[in-house]
Structures are given as C-alpha cells and as structure tokens.
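The structure appears right after this line, and notes come after that.
Lettering follows sequence order; numbering is per chain, from 1.
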2 protein chains.
Amino acid sequence: MEEERSSRRRTGGIRMRDVAERAGVSTMTVSRALSEPAKVSQEMRERVIRAVEEVGYLPNLLARSLSSSRSTTVGLIVPSIDNSIYTQTLKGLSVVLRSRGFQLMIAESGYDPSEEEDLVAAFLTQRVSGLVLHNIEHTDRARALIRQAGVPVVENGNLPPEPLDMAVSYSNREAAKAMTLHLGRLGYRKIAFASLFAHNNDRSRDRIEGYRAALTELGQTPDPRLIVETSRGLASGAEAVVRVVQAVPEVDAFFCAGDVLAVGALFECQKRGWVVPRRIAIASFDDVDLLRHVSPAVTTLRLPRYGIGERTAQMLLGRILDDAEYLRGSVVDLKFEIIQRESA
Amino acid sequence: MEEERSSRRRTGGIRMRDVAERAGVSTMTVSRALSEPAKVSQEMRERVIRAVEEVGYLPNLLARSLSSSRSTTVGLIVPSIDNSIYTQTLKGLSVVLRSRGFQLMIAESGYDPSEEEDLVAAFLTQRVSGLVLHNIEHTDRARALIRQAGVPVVENGNLPPEPLDMAVSYSNREAAKAMTLHLGRLGYRKIAFASLFAHNNDRSRDRIEGYRAALTELGQTPDPRLIVETSRGLASGAEAVVRVVQAVPEVDAFFCAGDVLAVGALFECQKRGWVVPRRIAIASFDDVDLLRHVSPAVTTLRLPRYGIGERTAQMLLGRILDDAEYLRGSVVDLKFEIIQRESA
DNA sequence: TTGTATGCGTTATCAA
DNA sequence: TTGATAACGCATACAA
C-alpha cells in the first residue's frame, strides 16, 4: 500500500531494503553489517550476509557515495593513452588502489592543456576522490577547479616547481643532465640530443634544459644543430640521426630522450655500417626491455615507473582515507639510475 | 531558518539549488537547461548558464546517475594492464566514449577468472552502464551477475562461441591458422610455434588450435616438440628458439604468436649466425612497430586493435543510449591481414 | 547494539 | 514552458 504512493516506477535492481526485509532487520543494520561489521553483533552479521546472498544484492556505490559524500574512484589523466611508458605506472596505481577497493578512471588529454582542463572538470563532476596528472603544466582554470574542489592531486611526469598539491616523479632535468655528463666523462665531445616535441610537454623541455646544463658544466657551448625534436617511434630515431649527421658529421654521441628513439637511431647507424660505440655512442632515456636485447645493448636511464604509480596511489589513499601520512605540498623524488651497457 | 532543520552538515560544494537561487528559477529549470536545453526557453537557458558560471557550479554526476538510474561510466577489464597490446584498443575505446561524455574505468584480472568475477561485481556495484571484457571465458557467477544486472557487455580478445552479449574481435584461431598455412605454402616444412601460456588464456589456446589445424590441412601431423609455451618478452622468444632447436634441429620456420616473441627469436637466430629466412623463417602475430624496423623486417599479422576499441565503444553506446543499432548477440569479426615482409 | 528520521543532489512525474 | 513534490538507495545523526 505504502508502495503505491510512489509516483516513480522503480527500474533498479535489488536494494538494501530488500535485504533488510529478508533478514528481518532495518536497512541501517544491513548498512552497518556491510560497511562497519564491527558495529554489529555476530548473529546479525551472519543473518545479513545470508540475506545478501539469498537475494543477490550488490550495493549501489553511487548512492553510498552520494550519501556519504565520499567516492571510491580516482581519475588519471595522461597525455596519450597509447604510450607504453605509462603502463608500468598505471599498473602500480591500479594494484594499490584496487587493494583498498578504489577504481581507476582514465582519460587522455592529447598534450592539450585545455583538454586537460575539460577532463579535470569531467572527473570532478564524477566526484572522484583523487586525481593523478601526468603534467605539471595546467591552465589557470584547471588549477582553480582543483583548488575549489579540494580533492587531493598527485602530479607525476616531472617534479613541479609549484606543485598543485603532491607530486611523485624523478627529475627530467637532472636525469638528462646526468646522462649527458656521463657521456661527457666517457670522452664524447659532440653529443647530440634527440628529444620529443617540447610543445606542451614540460618533460621534454626539462630534458633539453638538463642536456644544455650538462654541456655548460662540461665547458661546452650547446650547438643548436645537435638538438632535434621529433615524434615517438623507431622511424623518428632513425630520422633524427639523419638530420644531425647531415648538419654535424663529426657527431660522436647520440642521446635520445624519448620513447624507442635510441633503438631507431641504433638501427640507422648500423645501416650505415657505423660501429657503436666506436664511431658513435648511443644512449637512451628509459629502460625498456628492448634496449637490453639489441646488440650492442644500449646504455640508458632506469626510471622508477612502477614505483611512481605505487607511491602515488599510497599518497592519494593516505589523504583520502585521512591516514594523514602525506601532507599538502609533499613532493617525492624517486630518482633515476644510469644503466651502463655497451652502446656508450 | 529552514536550513537549520537539517541534522546533517553539508560538506559538498555548490549545488544545483545554489544555481537556481542565483538565477531565480527552480532546480528543475536548471536541470533542464543543462540536460535538455531544448525544453527550456532561450531566455531561461541563458540565465541559467550565466548563473552556473557565476557560482562556479559543477554538476554532481553521482546524484544525476542515482536519480536517473543511468550512469556515464563504462568498465574495462583486461588480463594485464601493463601490456602494450591493449593500448590501441584502449585508445579507440577512450576516444569514442569520451566524445559522448562517457568515462572509462579500467582494471586488470591477472588472467584469473575469479578475479575477473570480483571485478565484474565491483563494476556493477559502481553501476557502470556497460562492460568490456578481454576474455571470452568467465565464471558462472560472473555470467549470472552480468545477466542479472542487464548491462550491455562487449567481449574483445577473441570471437566467443557463446557470447555473453556482444563481441568485437578477430578470430585468434583463424589468424594463427592463416599464418601457418602461409608459411606452409611458402615451402617451410618444420614450422615451430611459440605461444604464450595457454592456461586461462583462450586466445593462446585458440592460436595453438589454429596452428594445429593448418598443419593438418597441410598434410602434416603436429609435432609436440615444435610447440612451446612461454611468457611475454624478448628473452622468452630467444629462449623458445633454444628449446625448439635443441629438440628439433631441422626446424625451418618459427611462428611466434605472442608479444615481441618474434623479435627475441630473430635476435637469437642472428646471434647464432643463422640467416633469416634462408636458414629459418620467422613470423609474428601482431604488427608492432618494431617488426617493421628490424632487419630482416618480420612477416606478421595485422590485427585491428584500434578498430576493436572503436567499434566496441560504438556498440556499447548504441545499446546504452538506445540508438538500437546493435542487438544482443551481435558478434563482429573485424578480421586480420597477413603482412608479408622479409623474414619468411 | 539496533532503529528512526532525515538528507545527500539530482531527476521523474504530474500539475499549473 | 515552468514549478512543486517525491523519489533514487544509501549513510549520518541521534534516540532508544
């Protein structure tokens, strides 16, 4: 009879109320038995669990989140989703978040700050309880939205001078600088640098800066002809070699700070019959499996990709669940490591 | 005054009600102006939009979804998140879903059917309006949950004989068979097959089956010593060659139906000084960029990875938004293509 | 330890 | 075209 008063037709599935009726208890008891089992007697707990199974109840997290104003989703925005460099970080994030019952929402900004802004708004609209951004550059409105919403955020791809909130990364600048210095110490004098396009890419820009800083420290003046910007991929690495060699034939080292560029460069050198590293050294920026298996194996930087995801999730959860281990402004530098192999 | 009656402290941000007050209209008018602008007069629409901007309102999708019992999230479950073969599909999904305002939630099952079941439950708990599964094997409970919830589902990694609902894929069996036949027609007689572990992996199993079927069609009896199962990665490909060659020295072709295995195999052959394809042919299963750039370039299968994601999203949206283009039981075979290169 | 009343922020429904 | 009201399914606050 009461039911008839409703002006809306129910479309959903089984509700907590159905479980409550089945178990002969109130919905609050069901709610507690499921969310805070300790606050319910042994007997009730069992009765509720049985009823849940009998009626095939799946809690409605939308309702739970709305009512408690706490959600269990986290949003991740990466520049490009079809980029294997994110997969390890994604895995670290996913493993840790899932262990606490959180779900990951993912989107790509296409290296476009205004698209990132839209995605931030979209995620806030979804009421995510945390955000992970692979950028450190954001539009003013994106910053304002995040500040106003008050959600914890972790920036990932680089160490931000002015963090939005928290950050976990290595320093692109320091990494590029370290490898360049390493090459310098090995005796290479004409060190070329192949970078990914730096437009709307703070990581690329910082790497170029690090390279320049190293040269300066080595007492050299950076030669613009030794710096090329290109896209991702093997073909780009090869093409970068072609361009540099044309301009500066005496180049003796090639540092590729981008995805798989180094392998493309290596193949190109081999095609020319150049012995690596005798004629020209090659170094890379990220320890993808391939670099260890080509011949000669490529000297590179090991970046803490998985750890970044893992730590990011931990920091986010700490703030969301108020374990209060991490504070606003925490910036964690997970460092990098030079892996010396045969190519340099 | 009315406000004081509340026993709950508001924690959230700006609500539709705030916009309504600002604009001097009811919340319903705001709701309509935002969700169904056509149902509102020109003037109202503008007034509402202005108020939205003035107060900095972001709709609450949790509330919207709860109230309308329609969500704008889709759940994706892949066996392993750190696997580059999914990135293209993920991109296709993401692009199409985002164009309609849908968000993607992603999780990994670790090739464990029971974990997949848990994730299905978790996503249903989140009230996703669609599911994408990369498996075609599911637990009974997972199937029951999905059926009961009535959400549209697309299966992706393979063509399911008994689809849960819809499916978009190519046929792993046919693809492996086609390449094996291709090698047979090229004159290779002792064709080895390196597969990823087939346990809980229907794709791998179907590929092995396809390989066997092709041999039978070629009038050969499959030799178990020519089949190896291994894990992903370059090292595994090399090791697979070692194992097979030890057992069957006269092997003359190596078909690698797994991620990057073929390149590992190629490197191992070259290490042994074997000329490819003169001494031994090599073929692969998926057209990753690398295969085209190694020397000799590797003959492989082109799989419609991006298209699978794109089409999957379209089918899902069709059902969710009731454009009713795709029906239950739709199984779309996006086919594959043999890319003939130098290695075979 | 359990239950009652109420609200979370939105939309469905019906009336004006 | 607009508004009032009652849900959506759950958790908070408080009473018993």
Give the table of side-chain donor-acceptor pairs shorter than 3.5 Å for residues 34-41 of chain B, with sequence neighbours excluded, one pair per line with atom names and distance.
| unit_1 | atom_1 | unit_2 | atom_2 | d |
| --- | --- | --- | --- | --- |
| S41(B) | OG | M44(B) | N | 3.3 |

Option among I136(B), V78(B), T89(B) that satisfies the side chain to side chain contact (heavy atoms under 4.5 Å, CB included) test with N156(B): T89(B)
Derivation of the salt bridge (charged side-chain N to carboxylate O under 4.0 Å, His left out) call for E43(B) and R47(B): CA-CA 6 Å; E43(B) 190 218 326; R47(B) 194 135 62 110; 3.5 Å; yes
Spacing of L34(B) atom CG relative to dT10(C) atom C1', expressed in whole Å: 11 Å
Residues E117(A) and T139(A): side-chain donor-acceptor under 3.5 angstrom: yes
R98(B)/E115(A) under salt bridge (charged side-chain N to carboxylate O under 4.0 Å, His left out): CA gap, chis, key distance, verdict: CA-CA 11 Å; R98(B) 172 105 185 93; E115(A) 178 67 15; 3.2 Å; yes
The helix from dT1(C)-dA16(D) to dA16(C)-dT1(D): angle between end helix axes, five pairs per end, rounded to 10 degrees: 30°
salt_bridge(R147(A), D165(A)) N-O dist < 4.0 Å: no
Any donor-acceptor pair under 3.5 Å from S129(A) side chain to T72(A) backbone: no
Distance in angstrom units between K39(A) NZ and dA11(D) C1', rounded: 11 Å
Length of the line joining R15(A):CZ and dG9(D):P, which is rounded to integer Å: 6 Å
Residue-phosphate contact under 4.0 Å: R10(A) side-chain N/O, dG9(D) OP1/OP2: yes
Short side-chain N/O contact to dG3(D) OP1/OP2 from T29(B), under 4.0 Å: yes
Modelled atom types, side-chain donor and acceptor of H138(A) and E155(A), under 3.5 Å: yes
base_contact_polar (dG3(C) base, R32(A) side chain, donor-acceptor, <3.5 Å): yes
Rounded distance in Å - CZ (R64(B)) to P (dA12(C)): 10 Å
Comparing E36(A) and G13(A) on DNA chain D - which has the more 5′ nearest nucleotide: G13(A)
Minimum-distance nucleotide to S31(A) side chain [options: dT1(D), dA11(D), dG3(D)]: dA11(D)
Rounded distance (Å) that lies between atom C1' of dT2(D) and atom CZ of R45(B): 14 Å
Value in whole Å for how far the C1' atom of dG3(C) lies from CD of E21(A): 15 Å
Strand-adjacent residues in residues 66-74 of chain A, judged by heavy atoms under 4.0 Å from DNA chain D: S67(A), S68(A), R70(A)
I14(A) CD1 - dG9(D) P separation (whole Å): 11 Å
N or O in side chain of S26(B) less than 4.0 angstrom from dA4(D) OP1/OP2: no
Verdict with reasoning, E21(A) to R17(A), per salt bridge (charged side-chain N to carboxylate O under 4.0 Å, His left out): CA-CA 6 Å; E21(A) 280 166 8; R17(A) 182 165 153 188; 3.8 Å; yes
Residue met sooner reading DNA chain D from 5', once A63(A) and E43(B) are mapped to nucleotides: E43(B)
Sugar-phosphate only, base, or nothing, as touched by M16(A) at under 4.0 Å among non-hydrogen atoms: sugar-phosphate
Nearest-neighbour nucleotide for the M28(B) side chain, dT2(C), dG3(D), dC10(D) considered: dG3(D)
Touch class at under 4.0 angstrom, heavy-atom based, for S35(B) against every strand present: sugar-phosphate
Carboxylate-amine/guanidinium contact D18(A) R15(A), below 4.0 Å: yes
